[in-house]
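What you are looking at is a predicted structure, and each value in this text was computed from that prediction instead of being measured. Every chain is numbered from 1, with letters handed out A, B, ... down the list of sequences.
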There are 2 protein chains.
Amino acid sequence: MRADAQRNRDRIVEVARELFRARGFDAVSMDEVAKGAGVGPGTLYRHFPTKESLYDAIIEAWSEKVNGAVDRALALEAPARVRLLAWLSDYAAMLTEHKGAAARITGALGDPGSPFAAKCQTYLGANQRLIEGMDSALRPGANAMQISRLVGGVAAVADNSELPADSVTAMLAVIADGLLASVNA
Amino acid sequence: MRADAQRNRDRIVEVARELFRARGFDAVSMDEVAKGAGVGPGTLYRHFPTKESLYDAIIEAWSEKVNGAVDRALALEAPARVRLLAWLSDYAAMLTEHKGAAARITGALGDPGSPFAAKCQTYLGANQRLIEGMDSALRPGANAMQISRLVGGVAAVADNSELPADSVTAMLAVIADGLLASVNA
DNA sequence: TGCCAAACGGAGAGTGTCTCCGTATAGTTC
DNA sequence: GAACTATACGGAGACACTCTCCGTTTGGCA
């Protein structure tokens, strides 16, 4: 890649990350990103053929964080409930870090054609590792996809309504206890 | 209201309901609704100043269904878990009846300025009635808003990903068991 | 220095929500 | 039934957005 192209790409990602974080995916227009980065719309679309692909580039680094969070949760010397809740909280926090991300990523969980497909695989894999690491303390039937969707739902609602952290924690606690419940009916 | 205006309004609502149900809120344009109802865009906007207000008119009748569902759940001669799950399932089913509704309504839960504010009050009231009718079988801290959001989150994910009914039921079961869990940590 | 593949950027196509305003008509009054 | 007026109609178009095309510019190399 030519030096000027690399420079422009970097500036676009930087500007877009800040704009998306502050105001959310939908509320920021591509023209705005282009103007903020000092390039024309054509240049922006040369680097990122769709708005979603730009978004994907922005959350690139997340995947790495995910596995770290699972490792931390599994390494805790604590009851299953605490370890589970630690992971769910980290997971939800990562999903709500960027406005609009939770709904978008959770919606892409079952769609191999999505631009986020690779990230979804990382997430699902992380949940799978957690399940295996917890040695069937979870209810029968609990699986990575289900957990991802449950937490994704909570995160999407939290993001959408800008809920305070303790509301989110309380909802995640309900889910954690539900996942740990021995089904009795 | 003049007779022709009433006729047009009725036709618009009828056409829009069918279009929204089939293809979802975002995928249907107002021009399309206008054309389908045989009126001009100006007429459509005369009756419904925003797209959301049209949506609100369409889901008008829902509120009545909600209280019926609570009554049915409370009247069941069955363990708390069964009654709770019955209500959560009904609630989620109503939210996913129209594509896009779950996220929209759940997002409006805490926003008094939303066009859906009245409907949200109905939903919250229904959940409150359920809580009171279940005589504190629920975990401490569970409240109408929290339950609405939890179920809304599941419904939004289900709607977004077009999940089969049994997946939704499984997720609601997790939430129901979580809500019934005696918090032990 | 000259070349050219690569990158740039802006005009504009296509689509969406919503508005303005001249025209048509329902309902009332004589 | 005719005239009148408030009400409703409908389409052109303003404005915003995503994304494309293509003539122009420029970085990197021989």
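OP1 and OP2 of dA7(C) both lie 4.0 Å or more from every side-chain N or O belonging to Thr43(A). The phosphate of dC8(C) (OP1 or OP2) has a side-chain N or O of His47(A) nearer than 4.0 angstrom. At least one side-chain nitrogen or oxygen of Tyr45(A) sits closer than 4.0 Å to the OP1 or OP2 atom of dC19(D).
Comparing atom distances between the Lys51(B) side chain and each of dT17(C), dA6(C), dT18(D) picks out dT17(C) as nearest. Nearest to the side-chain atoms of Pro41(B) among the listed nucleotides dA6(D), dT19(C), dT18(D) stands dT19(C). When distances are taken from the side chain of Ser29(B) to each of dG27(C), dG9(C), dG16(C), the shortest belongs to dG16(C). Side-chain atoms of Arg2(B) lie closest to dG27(C) of the nucleotides dC8(C), dT18(D), dG27(C).
For the pair Ile105(A)/Ile59(A), a side-chain contact is recorded, criterion being any heavy-atom separation below 4.5 Å from C-beta on.
Rounded to an integer number of Å, the gap from Leu44(B) CG to dC20(C) P is 16 Å. Summarising the geometry, the separation between CG on Asn8(B) and C1' on dA24(C) is reported as 13 Å, rounded to the nearest angstrom.
When each of Val28(B) and Asp31(A) is assigned the nucleotide of DNA chain C with its nearest heavy atom, Asp31(A) is the one assigned upstream, toward the 5' end. Of the two residues near DNA chain C, Ala3(B) and Glu52(B), the one whose nearest nucleotide lies more 5' is Glu52(B).
A cation-pi arrangement is present between Lys51(A) and Phe25(A) under the rule of less than 6.0 angstrom and at most 45 degrees off the ring axis. Cation-pi geometry between Arg104(A) and Phe116(A) is not satisfied (NZ or CZ under 6.0 Å from the ring centre, within 45° of the ring normal).
For Tyr91(B) and Tyr123(B), the distance between ring centers is under 6.0 angstrom.
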